[in-house]
Amino acid sequence: MNNKKLSIVIPMFNEQGNIELLYNELLTIIKQLKYFKNFEIIAVNDGSQDSTLQILKKIAQKDSNFKVISFTRNFGHEQATYAGIHNTNGEAVILIDADRQDPPELILEFEKEFLNGYHIVYGQRSKRENESIFKKLTSKAFYPIFKFFTKIDLPQNVGDFCLMSRKAVDFFKRMPEKTLFIRGLVYWSGLPKKAILFIRKARYSGKSKYNYTKLTIFALENIISFSTTPIYAIIFLSILIIISCFIGVITALLMKIFGYVILIGWTSIIISILFLFAVTLFSLGMIGLYIGKIFQEIKNRPVFLIDEKINF
Ligand code: UDP
Ligand code: MG
């Protein structure tokens, strides 16, 4: 660890329009820091297809504190962040997106709370600009579901934008899993944390890399990798269905014995078949996800491959 050094990690996938502005903004902010006297910026190029890498190399040539890790191809946002964190040596680490949706000036507040003894200081979005109602609603729904299944107190409306102390980073680095949910892993440690509110603006340049399919998979994967509760939920659901079937059969028998007319409809049969089919399919899917996870972990493949490292 390097005392009084701040490491800033930025994952980047096709961010050519944002890099230089962000870099200059970060330099201005770094100059205003009170405690941190040194810094390193680690930009992780996650297989960009535009001129991101060329721009990064140009900056790295001029500034030896600006380091570049370049992947062989696109491995994903979480993998890029993970690689960045593992290559830091500062006393604290900042995670920030490249598109300037995370305002760099918040780093000054992060430093203050870090000096107050918090190990994780994170930006919490008080308002989300330019996001559809659907995205707002689904992201609102995710947190309580995640907490219900995993018992991890994941703060609401939080991205990866945060400061982690070296202690938090060391805990993070001890987690060997391949399924990366950076936020989950960061807060899993239970270290003291503090929120700083900010307004999340629209992305400055380029398009978001997340669509709804990707987000749904992301949400499911995260719950699966942190909790086995869904398996129990399936078992309880099946018990419930079996009990209601019994009740149904007994009621029908009693009605027959006491001379009531039972109308056996075609619709009800079809509905129950469909319902049971759905439950079976759902359960199979859930179990499949867990097996998939085990498969992934057992293969023990690296989650990213580094093509090039500059200024390390
Ligand atoms: N990103 C990445 N690899 C990817 C997708 C995204 O490194 O495969 C980076 C991206 O360049 C940005 C950050 O991760 O710095 C967040 O991505 P994005 O802005 O697309 O996500 P959103 O803000 O829409 O959630
Ligand atoms: Mg963004």
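The model shown is predicted, which means the values in this text are computed figures rather than measured ones. Read the numbers this way: they start at 1 and go in the same order the structure lists the ligands and their atoms.
Remark: aromatic rings of F218 and F181 are close, center separation under 6.0 Å. Within the 6.0 Å centre-distance limit, the rings of Y187 and Y122 are counted as a close aromatic pair. Between F110 and F36, the gap from one ring centroid to the other reaches at least 6.0 Å.
By the 3.5 Å distance cut-off applied to N or O atoms, F13 is counted among the residues near ligand 1.
Atom 25 (O) of ligand 1 has its nearest heavy-atom neighbour, among E78, R200, Q101, in R200.
Atom 24 (O) of ligand 1 has S208 OG, 2.5 Å as its closest protein atom, hydrogens excluded (heavy atom only). When hydrogens are left out, the protein atom nearest atom 16 (C) of ligand 1 is D97 OD2, 3.4 Å; that is the closest non-hydrogen contact. Counting only heavy atoms of the protein, atom 9 (C) of ligand 1 lies nearest to P11 O, 3.7 Å. Protein heavy atom closest to atom 21 (O) of ligand 1, with residue, atom name and distance, is Y210 CD1, 3.4 Å. Scanning the protein for heavy atoms near atom 5 (C) of ligand 1, the closest one is K209 CB, 3.7 Å. For atom 14 (O) of ligand 1, the nearest protein heavy atom (residue, atom name, distance) is H77 CD2, 3.2 Å.
Heavy-atom contacts of G76 reach the following atoms of ligand 1: 3 (N), 8 (O) (cutoff under 4.0 Å). Near R203, the atoms of ligand 1 lying under 4.0 angstrom from a non-hydrogen atom of the residue are 18 (P), 19 (O), 20 (O). Under a 4.0 Å criterion applied to the non-hydrogen atoms of N74, ligand 1 contributes the atoms 3 (N), 4 (C), 8 (O). Counting atoms of ligand 1 from 1 in the listed order, those under 4.0 Å from a heavy atom of D99 are 19 (O), 23 (O). The D46 neighbourhood of ligand 1 comprises atoms 2 (C), 3 (N), 4 (C), 7 (O), 8 (O), with distances under 4.0 Å to a heavy atom of that residue. Listed by atom number, the atoms of ligand 1 under 4.0 Å from E15 heavy atoms are 10 (C), 11 (O), 12 (C), 15 (O).
Considering all non-hydrogen atoms of both residues, I182 and F172 come closest at CD1-CZ, 3.8 Å.
A distance of 11.5 Å separates CD1 of I69 from CD1 of I10, quoted to the nearest 0.5 Å.
With a cut-off of 2.8 Å, the Mg ion (ligand 2) has no N, O or S atom of S208 in range. For residue D97, no N/O/S atom approaches the Mg ion (ligand 2) to within less than 2.8 Å.
Pairs passing the side-chain hydrogen bond (donor to acceptor under 3.5 Å, both in side chains) check and including a residue from residues 162-173, sequence neighbours excluded, read T88-R166, H119-S165.
Remark: E40 engages K67 in a salt bridge, criterion side-chain N to carboxylate O under 4.0 Å. A salt bridge does not link E111 to K34: none of the charged nitrogens lies less than 4.0 Å from a carboxylate oxygen. Note on E15 versus R100: no salt bridge recorded, every NZ/NE/NH1/NH2 to OD/OE distance being 4.0 Å or above.
Restricting D99 to its N, O or S atoms, the one at the least distance from the Mg ion (ligand 2) is OD2.
For Y204, the OH atom sits in a loose shell: 12 or fewer heavy atoms of surrounding residues, nucleotides or ligands are nearer than 6.0 Å. Annotation for F312: atom CZ counts as buried by contact number, over 12 foreign heavy atoms lying within 6.0 Å.
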